[in-house]
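All remarks here apply to the structure that follows.
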2 protein chains.
Amino acid sequence: MCLEMDAVFKALADESRRKLLDVLHKSNGQTLGELCAHLDMTRQAVTKHLLLLETAKLVTVVWRGREKLHYLNPVPIHEISERWIGKYERHRLQALSDLKRGLEENKNKKG
Amino acid sequence: MCLEMDAVFKALADESRRKLLDVLHKSNGQTLGELCAHLDMTRQAVTKHLLLLETAKLVTVVWRGREKLHYLNPVPIHEISERWIGKYERHRLQALSDLKRGLEENKNKKG
DNA sequence: TTGACATGCAACCAAATGGTTGCATAATGT
DNA sequence: ACATTATGCAACCATTTGGTTGCATGTCAA
């Protein structure tokens with residue numbers, strides 16, 4: 001089990017950091033500079049946020065020359081749902097989510 | 001979709017509040033007094049934590065006379081995993097978790 | 001080689017957070 | 001009726017958090 005669950009939750013507690021995860025979810029492997037373009041704050045502030053995400057192992061970093069590429073890691077997120085949702089509850093909730101998703105997709109087709 | 005995701009993440013960011021969820025996960029419907037017994041802080045501090053959990057809809061309360069009963073609500077947690085884990089990734093991760101769980105249960109039987 | 005670009009490091013500051021204490025209110029039981 | 005029990009509300013305080021600015025370092029390209 002993950003010994004650094006605390007870092008994960010702390011990292012997810014901030015709107016800006018969640019937005020960074022969203023941005024990476026859409027397009028993985030972006031540089032610091034690219035990520036900065038999505039947030040209305042200084043590069044140094046974004047750097048701090050990314051550092052928290054890295055220590056929480058929510059994003060992984062690969063250096064390419066002078067560029068720092070950021071990748072999303074879904075494992076810690078999944079461990080959260082493992083913690084407080086029972087086996088059967090999970091299946092029930094998943095069925096609900098899938099149903100809702102299906103309805104939304106259908107709605108988009110018609111609209 | 002949930003419009004108050006922020007409250008959920010803020011609520012989960014604190015170790016004491018996560019412990020409260022763990023305690024409720026083991027035994028649902030406890031009073032404030034009972035919950036206080038599990039944490040090393042004043043009743044007022046616990047009250048504040050529970051208020052955050054309530055506004056995040058992570059716990060639901062029912063009054064019985066002068067007692068306040070607290071119940072765990074798994075829905076917001078599940079919505080977290082919906083946000084950053086793709087459909088296929090989720091199945092893969094779930095298979096991994098189930099495998100790990102199975103191994104641990106087996107180990108416990110043998111030990 | 002040198003200038004521009006991508007990033008790191010450190011000091012600083014205002015606001016939010018997590019805890020305390022003290023007092024108030026309402027339900028319970030003898 | 002009244003002491004006890006279960007909880008709420010408010011003021012206060014130290015620490016953490018999220019942001020800034022200024023400067024340093026390392027890589028690329030002409």
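The sequence lines fix the lettering, A, B, ..., with proteins before strands; numbering per chain opens at 1.
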With each end axis built from five pairs of C1' atoms, what bend angle do you get for the helix from C:dT1-D:dA30 to C:dT30-D:dA1? Round to 10°.
30°
Roughly how far apart are A:E79 CD and A:M5 CE, rounded to 0.5 Å?
6.0 Å
Roughly how far, to the nearest 0.5 Å, is OG1 of A:T60 from CG of A:L69?
11.5 Å
A:L52, A:V23: one ILVMFWY side-chain cluster at the under-4.5 Å cut-off?
no
Run the salt-bridge test on B:D22 and B:K26 with the 4.0 Å N-O cut-off and return the result as yes or no.
no
Is the closest basic N to carboxylate O distance between A:K68 and A:E54 below 4.0 Å?
yes
Given atom [atom1] of [X] and atom [atom2] of [N], what is their separation to the nearest angstrom?
{"X": "A:L52", "N": "D:dG18", "atom1": "CG", "atom2": "P", "value": "7 Å"}
{"X": "B:D6", "N": "C:dA16", "atom1": "CG", "atom2": "P", "value": "13 Å"}
{"X": "B:L12", "N": "C:dG18", "atom1": "CG", "atom2": "P", "value": "12 Å"}
{"X": "B:F9", "N": "D:dT17", "atom1": "CZ", "atom2": "P", "value": "18 Å"}
{"X": "A:M41", "N": "C:dC13", "atom1": "CE", "atom2": "C1'", "value": "16 Å"}
{"X": "B:R17", "N": "C:dA16", "atom1": "CZ", "atom2": "C1'", "value": "12 Å"}
{"X": "B:E15", "N": "D:dT15", "atom1": "CD", "atom2": "P", "value": "21 Å"}
{"X": "A:L35", "N": "C:dT7", "atom1": "CG", "atom2": "P", "value": "9 Å"}

Counting only side-chain N and O atoms of A:R64, is one of them less than 4.0 Å from OP1 or OP2 of D:dT27?
no
Establish, with yes or no, whether the OP1 or OP2 oxygen of C:dT20 is under 4.0 angstrom from a side-chain nitrogen or oxygen of B:T42.
yes
Taking only N/O atoms, report every protein-nucleotides 6-11 of chain D pair under 3.5 Å with atom names and distance.
{"unit_1": "D:dT7", "atom_1": "OP1", "unit_2": "B:L32", "atom_2": "N", "d": "3.4"}
{"unit_1": "D:dT7", "atom_1": "OP1", "unit_2": "B:K68", "atom_2": "N", "d": "3.0"}
{"unit_1": "D:dT7", "atom_1": "OP2", "unit_2": "B:G33", "atom_2": "N", "d": "2.8"}
{"unit_1": "D:dT7", "atom_1": "O4", "unit_2": "B:R43", "atom_2": "NH2", "d": "3.1"}
{"unit_1": "D:dG8", "atom_1": "OP1", "unit_2": "B:K68", "atom_2": "NZ", "d": "3.0"}
{"unit_1": "D:dG8", "atom_1": "N7", "unit_2": "B:R43", "atom_2": "NH1", "d": "3.0"}
{"unit_1": "D:dG8", "atom_1": "O6", "unit_2": "B:R43", "atom_2": "NH2", "d": "3.0"}

For [X] and [Y], work out which heavy atoms get closest and say how close.
{"X": "B:R18", "Y": "B:E15", "result": "NH2-OE1, 3.0 Å"}
{"X": "B:A13", "Y": "A:K10", "result": "O-CE, 3.1 Å"}
{"X": "A:L50", "Y": "A:V59", "result": "O-CG2, 4.4 Å"}

Might you work through the side chain to side chain contact (heavy atoms under 4.5 Å, CB included) test for A:L12 and A:L21, ending with a clear yes or no?
CA-CA 9 Å; A:L12 291 175; A:L21 293 182; 3.5 Å; yes
Residue whose closest nucleotide on DNA chain D lies nearer the 5' end, A:G65 versus A:D40
A:D40
